[in-house]
Each structure stands twice: as C-alpha cells, then as structure tokens.
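First comes the structure, then the notes that go with it.
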There are 2 protein chains.
Amino acid sequence: MSNAFVEKLRGYVSLTEEDTRLLTAACAMQRDVPARYDLIREGDKPVSVFVMLEGWACRYKLLPEGGRQITAFLMPGDFCDMHVAVLDEMDHSIATLTPARVATIDRAKMEKLIETRPAITRAFWRTQLVDEGVLRAWIVCMGRRSSVQRVAHLLCELYVRARSMGVVDAGRCELPISQIVLADALGLTPVHVNRVLRQLRLCGTMAKSARMLVIVDIVQMAAIAGFDENYLHQRLKRAA
Amino acid sequence: MSNAFVEKLRGYVSLTEEDTRLLTAACAMQRDVPARYDLIREGDKPVSVFVMLEGWACRYKLLPEGGRQITAFLMPGDFCDMHVAVLDEMDHSIATLTPARVATIDRAKMEKLIETRPAITRAFWRTQLVDEGVLRAWIVCMGRRSSVQRVAHLLCELYVRARSMGVVDAGRCELPISQIVLADALGLTPVHVNRVLRQLRLCGTMAKSARMLVIVDIVQMAAIAGFDENYLHQRLKRAA
DNA sequence: CGCGTTTTTGAAGCCCCTCAAGTGTAGTGG
DNA sequence: CCACTACACTTGAGGGGCTTCAAAAACGCG
C-alpha cells in the first residue's frame with residue numbers, strides 16, 4: 001500500500017521492502033486541504049515536512065510592491081520541505097493550487113529516517129539535486145528567453161513531469177493552472193501570457209483549456225522552447 | 001591547517017577535530033587554474049567534486065542562440081558539485097572568473113565521508129539548502145524586479161556573502177566581476193548594466209570599479225533592491 | 001607603446017507592460 | 001431555471017524599459 005511519494009523515490013534509488021514500509025508509514029498523517037490554501041507562510045518556523053500526495057501546489061514569494069513570483073510547482077510525490085532541519089524561518093510560502101491531499105512528517109521522524117536508512121537519505125538527496133536543476137533551468141529561462149520560449153518551456157517541463165508520473169494520455173494531461181498562475185511563475189503579465197498562448201495555439205503546437213493541456217506537436221514545442229529534458233534527470237528515467 | 005571550505009562548513013555545524021582533519025585531508029588534491037577556465041562543461045560526466053579555495057567561479061549555461069546565462073557565483077569555500085553522486089552528465093558548465101585554486105575530491109572519498117561522518121553530511125546538506133534559497137531569490141529577482149533593483153540585489157548578495165567570509169573592509173570588498181559578467185548573471189545587456197551602475201553611483205549608494213565594489217550606503221542599497229538577507233540563512237550567522 | 005577588452009555614451013526600435021473594457025464561465029441563491 | 005456574482009479569459013490602444021546597433025573613450029597587460 002504505497003503512494004505517489006514512495007513511488008517517486010523508488011524511481012530514484014532502489015528501496016528495500018523495509019524502506020518502503022517505513023516511508024509509507026511516515027506518511028500516515030494525512031489531511032485534505034482546499035485550493036488556495038497556504039500550507040506554510042514566509043516567516044513561519046517550519047516544524048514538519050510536507051509531502052504532496054494528490055493535487056498541485058506551488059512555492060511563491062510575495063513582493064513589497066504587491067506582485068507574486070512562483071519559484072516551483074509541486075506535483076504528487078514532491079517534497080515540500082527539507083528546510084525543517086536547517087532554517088529558522090521560511091523564506092517563502094507554499095500554497096495549494098487545487099484541492100489536495102498532503103502528508104506531514106514531523107521533524108523527529110524525519111531525522112530518524114535520515115539517520116537510520118541510508119537508501120532513503122540518498123533518495124532525498126537526489127530529489128534535492130533534481131529540484132536544484134529545475135531552479136537553474138528557470139533562471140536560464142527568465143534571463144535569456146523570449147516570452148514565447150518561456151511559456152513553451154514551462155509547459156514542456158510540466159508536461160514531461162506529468163508524463164513521468166504516468167498521468168498523460170495521448171498528449172493530453174490535466175494541468176489545473178490558470179493563466180494568472182502561469183504569469184506569476186514566468187515573470188510575465190496575465191495579459192501577455194494570454195497572447196502567447198494564442199500564438200502557440202494558432203501555430204498548432206498546443207492547446208490549453210481551463211484545466212487541460214493538449215500537446216499537439218511535442219517536437220515543435222520543444223524546438224520553440226529550446227527544451228532539453230536532460231535537466232530533469234531521473235524524473236525521465238521512469239517514463240522510459 | 002584548515003581552509004576556506006572547512007571554515008564555511010564549520011559555520012554551518014560544529015565539527016569535531018576528527019571531522020575537520022578528514023575534511024582538510026580530503027582537499028589535499030589542489031591545483032591552480034587561470035581565469036576563464038572551464039572546470040567542467042555541460043555534457044561532461046562528473047567524476048569528482050570541486051571546492052573553491054581561492055578565486056571566483058560561476059555556473060553557466062550557453063544557449064543555442066549564443067547567449068550565456070550565469071546561474072550562480074562561487075566564492076572561496078563554495079562547493080562546485082554534489083552532482084557527482086547523481087547525474088550522468090552535467091546540465092551546465094562551471095568556469096573560473098579569476099585565477100583560482102581549487103581542490104578536487106574524488107567520488108569514492110566523497111561517498112566515504114558521507115557514509116561515515118554524519119556531521120559532515122549534515123553540513124553538506126545545509127550548503128545545498130542555502131544554495132537552493134539563493135537560486136529561488138534569483139528567480140524572484142529576474143521575474144519581478146526592475147533592472148535597478150536586480151543589479152542592486154545581486155551586489156547586495158555578493159557583498160553580504162563576501163562579508164560573511166570576512167573579506168570586507170569598511171564597505172569595500174573585492175569584486176572581480178566585469179559588467180559583462182554581471183549582465184550574463186542578471187539577464188540584461190552589458191550596455192544596460194552600465195547605465196544602471198551609473199544611476200546607482202550618481203544617487204550615492206555605491207561605486208564599482210574594475211575589481212572593487214564600494215558600498216556607500218548599505219541601507220539605501222538594500223531598500224532599493226528589496227533585499228532581505230534572511231534568505232542567505234547560515235551564511236550570515238558567521239558575520240555576526 | 002600598442003593591442004584587445006571593457007566601459008561609456010547616443011539613437012532608434014521592439015517587446016512586454018499598463019490601463020481599460022468587454023466576453024465568457026462556474027458557482028450561488030432566489 | 002434564471003438572475004446575480006466573482007473570476008478568469010480575451011482583445012485593443014498606447015507607453016516605457018530594455019535591447020540593438022554603432023562608435024568612441026578608457027583601461028589593462030604584454
């Protein structure tokens with residue numbers, strides 16, 4: 001009786017049955033939260049780790065001027081925070097984008113897993129490194145790519161991540177993300193994201209409705225975006 | 001007989017004498033490299049970890065269109081890669097910005113340290129998490145801040161990091177970074193960086209010469225940048 | 001001193017933003 | 001079943017921030 005989180009980690013390293021059992025047990029504390037719910041806010045002292053089991057969430061930071069910048073999307077199986085062990089207070093917030101089911105693992109349990117189960121520790125470390133690669137890819141996108149490339153690149157990333165979770169069907173995948181949220185992630189305005197999406201739709205690469213993304217031509221899409229899936233590393237291995 | 005790397009880790013966690021000795025010994029393989037030298041290139045298979053002992057370096061990625069995006073600056077004490085343990089090939093390159101002295105720790109030695117010395121492992125993990133915080137801050141900067149704020153923010157970050165290493169003297173610190181490099185890091189053009197620097201100089205917040213940065217008014221600087229040093233976490237503790 | 005690189009300054013243009021209004025589309029309650 | 005409301009999406013017009021192109025001045029280093 002495993003879950004998206006355990007499955008993802010098993011994609012990174014091979015876990016013994018005992019490891020799997022301990023991980024699943026660690027996710028025993030589960031709860032359902034509505035959409036747009038802050039799991040933790042900037043300034044809070046982190047006391048436990050979150051794991052996304054169902055639904056989507058994002059890391060974000062609010063700016064004094066009022067804007068919002070999203071720095072990561074969290075899908076089922078993703079860790080919310082290793083920060084527990086390190087930070088006195090959160091330097092960003094995490095909020096759900098859809099109704100979600102999350103597990104919380106308290107600090108003590110986390111420490112114990114890390115101290116006693118080397119394979120699990122290694123898996124945690126890997127997720128960390130892959131996430132870092134994604135952050136770097138975002139920086140490259142925001143620094144050096146046009147708005148069309150940026151939108152296409154983000155959609156490619158989300159599509160590939162969804163695919164590696166096996167929730168893609170013939171180029172179609174659920175993507176419950178509004179244009180406003182896309183804009184907050186891309187450093188663009190919702191108005192401009194709208195225009196870019198139309199452009200991509202008109203040239204026949206993809207279509208995006210309220211909660212669905214349809215990739216018509218993934219090759220063209222990747223070409224436009226300058227997308228090189230290599231940076232997602234292990235995530236992809238599972239799709240093959 | 002310790003070094004910048006060991007000193008930095010000791011700022012994160014308390015290490016026993018044995019830990020310190022092992023870390024210092026791990027850095028025994030040292031070499032000097034000139035400026036603009038690629039320590040490792042995108043596509044290479046990483047075989048060892050680099051540690052900056054003296055000089056500056058940066059992570060960067062070249063784009064098909066010819067541009068370059070820098071994703072991180074590496075100063076003495078910084079790790080170049082934990083990727084050894086995880087990645088089949090590098091998804092970015094690392095190059096020196098100045099003549100530098102680097103230590104290389106091979107994979108086996110690294111694994112052994114991690115397996116046998118929990119305090120060292122913990123310190124590695126922390127550096128990782130702090131670096132991730134810096135990446136997130138960069139994304140926020142590039143997504144939602146004006147060019148003036150971005151330049152000011154980066155200079156604040158570099159200044160504070162330099163300060164925590166103790167190489168700042170009365171608001172002056174060595175910053176051997178050309179405007180071209182700044183532009184590559186900020187996602188701006190060198191021309192515009194130049195104009196922004198003039199603006200900051202004229203309003204009396206800072207002055208930047210070829211290899212020196214003088215912060216005249218750090219408070220005003222931080223105010224312009226929207227700089228909140230909290231995201232650098234442990235790094236700052238050492239400055240106090 | 002001489003050469004390459006960096007810095008500086010100017011002029012023109014484009015990409016994306018801002019402001020504004022109108023059009024769906026869900027969900028709610030009468 | 002149809003207002004009514006609250007959002008999200010869409011489209012237009014105009015402006016500003018940063019880029020592009022170009023060239024001169026200043027710097028650093030053999």
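Naming convention: chains lettered A, B, ... in sequence-line order (proteins, then strands); numbering from 1 in each chain.
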Computed from five pairs at either end and rounded to 10 degrees, the angle between the axes of the helix from dC1(C)-dG30(D) to dG30(C)-dC1(D) is 40°

Going by an N to O cut-off under 4.0 Å, is there a salt bridge joining K61(B) and D91(B)? no

Expressed in angstrom and rounded to an integer, what is the separation of L182(B) atom CG from dC18(D) atom P? 15 Å

Rounded to whole angstrom units, what separation is found between the CG atom of L186(B) and the P atom of dC18(D)? 11 Å

Would you kindly give the CG-to-P distance between N194(A) and dT25(C), to the nearest whole Å? 14 Å

Gap between atoms CG and C1', on L97(A) and dA8(D) respectively (whole Å): 15 Å

Hydrogens and angles aside, do Y37(A) and D32(A) bring a side-chain donor and acceptor to less than 3.5 Å of each other? no

Taking the six-membered ring for Trp, are F227(A) and H153(A) parallel (under 30°), tilted (30 to 60°) or perpendicular (over 60°)? perpendicular

Determine the contact category for R145(B): base if any of its heavy atoms lies under 4.0 Å from a base atom, sugar-phosphate if only primed atoms, P, OP1 or OP2 are that close, otherwise nothing. nothing

If you assign R144(A) and Q179(A) each to the DNA chain D nucleotide with the nearest heavy atom, which residue ends up on the more 5' nucleotide? Q179(A)

Charged N to carboxylate O below 4.0 Å: is that the case for R59(A) and E132(B)? no

Taking all heavy atoms of T98(B) and all of G55(B), pick out the closest pair and write down the distance. OG1-CA, 3.3 Å

Hey, does R195(A) reach any base, or is it just sugar-phosphate, or nothing, if we go heavy atoms under 4.0 Å? base

Which comes earlier along DNA chain C counting from the 5' end, the contact point of H192(A) or that of A210(A), where each point is its nearest nucleotide? H192(A)

So what does R150(B) touch, heavy atoms closer than 4.0 Å: a base, only the sugar-phosphate, or nothing? nothing

Would you mind classifying the nucleic acid contact of L188(A) as base, sugar-phosphate or nothing, using non-hydrogen atoms under 4.0 angstrom? sugar-phosphate

Any S178(B) side-chain nitrogen or oxygen under 4.0 Å from OP1 or OP2 of dT6(C): no

Nearest heavy-atom neighbours spanning L232(A) and V130(A): O-CG1, 3.6 Å

Assign R36(A) to base, sugar-phosphate, or nothing according to its heavy-atom contacts below 4.0 angstrom with the strands shown. sugar-phosphate

Is a side-chain donor or acceptor of N3(B) paired with a backbone partner of V6(B) at a separation under 3.5 angstrom? yes

Round to the nearest Å and state the distance from Q199(B) atom CD to dG17(D) atom C1'. 11 Å

Protein-nucleotide distance (K208(A), atom NZ; dA8(D), atom P), rounded to Å: 12 Å

Send over the distance from M142(A) CE to dC16(C) C1', rounded to a whole Å. 13 Å

In whole angstrom, give the distance that lies between atom CD1 of I180(A) and atom C1' of dT25(C). 14 Å

Indicate whether OP1 or OP2 belonging to dT9(C) is found under 4.0 Å from a side-chain N or O atom of R198(B). yes

For Y159(B) and G171(B), the nearest pair of non-hydrogen atoms, with its separation, is OH-CA, 3.5 Å

Distance check: side-chain N/O of S147(B) vs OP1/OP2 of dC18(D), anything under 4.0 Å? yes

